[in-house]
Amino acid sequence: MLNIYNTLSKTKEEFHPIEAGKVGMYVCGITVYDYCHIGHARVMVAFDVIVRHMRARGYEVNYIRNITDIDDKIFQRAEENGESYKVLTARFIDAMHEDERALHVLPPDAEPCASDNISEILEMIATLVEKGAAYRADNGDVYFAVENFESYGQLTNKKVDELLVGARVGVEVSKRSPVDFALWKAAKPGEASWPSPWGEGRPGWHIECSAMSTKCLGNTFDIHGGGPDLPFPHHENEIAQSEAATGQKYVNTWMHAGAVRVDNEKMSKSLGNFFTIRDVLKKYHPEVVRYFLISSHYRSPISYSEDNLKIAAAALRRFYIALRGVEIGESTSIDGQDLARFYAVMDDDFNTPEALAVMFDTAKSLNVLKDRNPNKAPDVAAELKLMGASLGLLQEDPEAFIQSGTEEINGQLKEEVEALIAQRKAAREAKDWGLADQARDALKARNVVVEDRPDGSTIWRIED
RNA sequence: GGCGGAGUAGCAAAGUGGUUAUGCAGCGGAUUGCAAAUCCGUCUACGCCGGUUCGAUUCCGACCUCCGCCUCCA
C-alpha cells in the first residue's frame, strides 16, 4: 500500500488510483527559454524516482509532463535574440532533453506543448465563457472570474477577500476583479498569436495545463505534481478552471517537491542564484547529482553546495566499492529482507533517505559476504543493484565509477601518476618503504589515492 | 499580516511515546610493510519553556529562530 502526502489535504493518505493498478500523473514541466537549473533537476529526479517506484510496485503509470513554450519571457528572449520563438524553444527543449538523459531521468510518456494544443485550450476557454465562469474584457483579454468559483483557494488555503486586500491596484483595469487571471491574452504587435473567437491572441499560462492534462488523462486524474512555487497561483488556478469547466473534481492527489536552496535562499531564476544542470555535470558524475537530490526527502528543502555534492560522491563510492569485484546474481526475489524493507519505506511517501539507509545496510552485508561467504554475494549484489535501479543509481560499472574522473585528467598528470605508481611498485618490491611512501605522498598531493590489492596490483582513484 | 513548512549529534539526514537510524568525519581494535578499502567496537542529539504520561526528541500549548508561497519562477 502506497502512502502519499497530498498537498490538498495536508496529510499523508493511502493512495487509491481511480482505476486499480493504473496511475495517471501530470507534472508541470519547464518554461523553455533558458537552460535548466538544479531546481528543475530536483523536480525531474523526484518524479522520476516516484514513477520508477510505482512501476516497480506494479502500477501502470501514464506520466505526462508538459512543456510551456508560449510565455512572455520566451517572446521577450526571442525578440532580444532576433529569432522566432519556435527556434528559441526548440533549442532549449533539446537542451532540456540532453540534461535529462545526462541525469538518467526516464522520459515521460508524453510531453505536450502549449503551442500544439491551442484548439484544446480554446475549447476549454469557450466552455468557461459559456458557463459564465469567464468573460471577455474590453481590452480583448479573456479572464477567469475568480469570485464566481466558490471553492477558490482550496489547495493553498487562500481566501478571496484576503487576496483582494493584498492585490496590487491599477495593474489591469479591464479585469472585473483584481484577482481574476487571464485565460487568453490579446495579441501584442510583433508577437506570435493565434485566432480565437475573442480575437487574435495567445493562451494565458494556467489554461494550458488544465487543457492538456484533461486531454491526456481525463477530467479527473490521480496525481498532479510540480515544483515548490507552483501551488499558488498556478495550481490553484488550474483547479478553478478545470472544475468550473467540467463540474468534476480535477485532481485527487497533489504532490509538490521542495526547494533547492543556495546559502539558505531559494534557487531561482529571478534571484539569479542558480546553477545549471550542465554546469554542475561538468564537475560531478550524474549519479552523484542524483544521489544529492534524493538524499533528502522530496518535500524537504535541500541546500546546493560543494560540500553536499562531495558527501554524495563519497556515499555513492561506498556502494560501488561494495559492488566491486562481485558477480551480479541472476535473480533476486522480493523475499529478500532488505528489498522488502526498501519497498516498504519507499511505499511510505517515497522516503528515499530511509531507502538509502537500507541500501547501506545491504552494502555492509555484501562486504561481509564477499569475505566470508562469497557464494551468496552475487544474490545480495543483485538485490543492491535492484534497489539502486529503483532510484536510478548504481547503473555504472563499479570500477569505472570508482575511477571516474581519472580518464578526464589531463594527459600529463596521468603520465606522472603512472610513473609514480611504477616507481612505488619498484620500491615496494625492493622493500624500500621510505621511497614507496614518498611516491604515495607525491600521489596524494595530486589528489590521487592508491589501493594495493591482494594480487599485488595497485589501483588508484581521484579523491578530492 | 495570511497560508504552509522546518529547527535532530562536527556535517548531511531519517525516524520513533520506552529498544543501534544511516552516510561522512572522530576515536579504539582487526587487517596491511605502512596505507587504502573492508570488518568489529565506540563518543558527540533531538531549539526554548510548560503540560499530558510510569516514561517525550516523539503527543498538547506557548515562545524563539529560519525558510517558502501570497508577483513571473521547478
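Throughout, a chain's letter reflects where its sequence line sits, starting with A, and its residues are numbered from 1. Because the structure is predicted, anything quoted here is derived from the model rather than measured.
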Pairwise N/O distances under 3.5 Å, protein to nucleotides 17-22 of chain B:
none

A/E79 CD: over 12 foreign heavy atoms closer than 6.0 Å: no
Length of the CD1-P vector between A/I421 and B/A36, whole Å: 16 Å
Near-ring test A/Y304/A/F274, centroid separation under 6.0 angstrom: no
Closest-nucleotide ordering on RNA chain B, the 5'-leading residue of A/E265 and A/A259: A/E265
Gap between atoms OH and C1', on A/Y298 and B/A14 respectively (whole Å): 15 Å
Side-chain (A/R290) to main-chain (A/L391) donor-acceptor, under 3.5 angstrom: yes
A/Y5 six-ring face occupied by A/R299 cation (under 6.0 Å, within 45°): yes
Intra- and interstrand pairs of RNA chain B - dot-bracket, Watson-Crick/G-U under 3.5 Å, | marks other strand: (((((((..(((.....[...))).(((((.......)))))....(.(((..]....))).))))))))....
Rounded distance in Å - CD (A/Q403) to P (B/A37): 14 Å
Proximal nucleotide (of B/C69, B/C34, B/C11) relative to the A/K266 side chain: B/C69
Sugar-phosphate, base or nothing in reach of A/G226, heavy atoms under 4.0 Å: sugar-phosphate
is_close_aromatic(A/F275, A/H37), centroid dist under 6.0 Å: no
Lys/Arg cation over aromatic A/F232: A/K158, 6.0 Å, 45° cone: yes
Any donor-acceptor N/O pair, A/S210 side chain to A/I207 backbone, under 3.5 Å: no
Atom pair distance, as rounded to whole Å: CG in A/L164 and P in B/C70: 17 Å
Residue A/H37, side-chain heavy atoms: nucleotide from B/A74, B/A12, B/C34 that is nearest: B/A74
Modelled atom types, side-chain donor and acceptor of A/S9 and A/T11, under 3.5 Å: yes
Rounded interatomic separation in angstrom, taking CZ from A/R428 and C1' from B/G33: 8 Å
Qualifying residues under ring-ring contact (aromatic ring centres under 6.0 Å, His included), relative to A/H104, sequence neighbours excluded: none
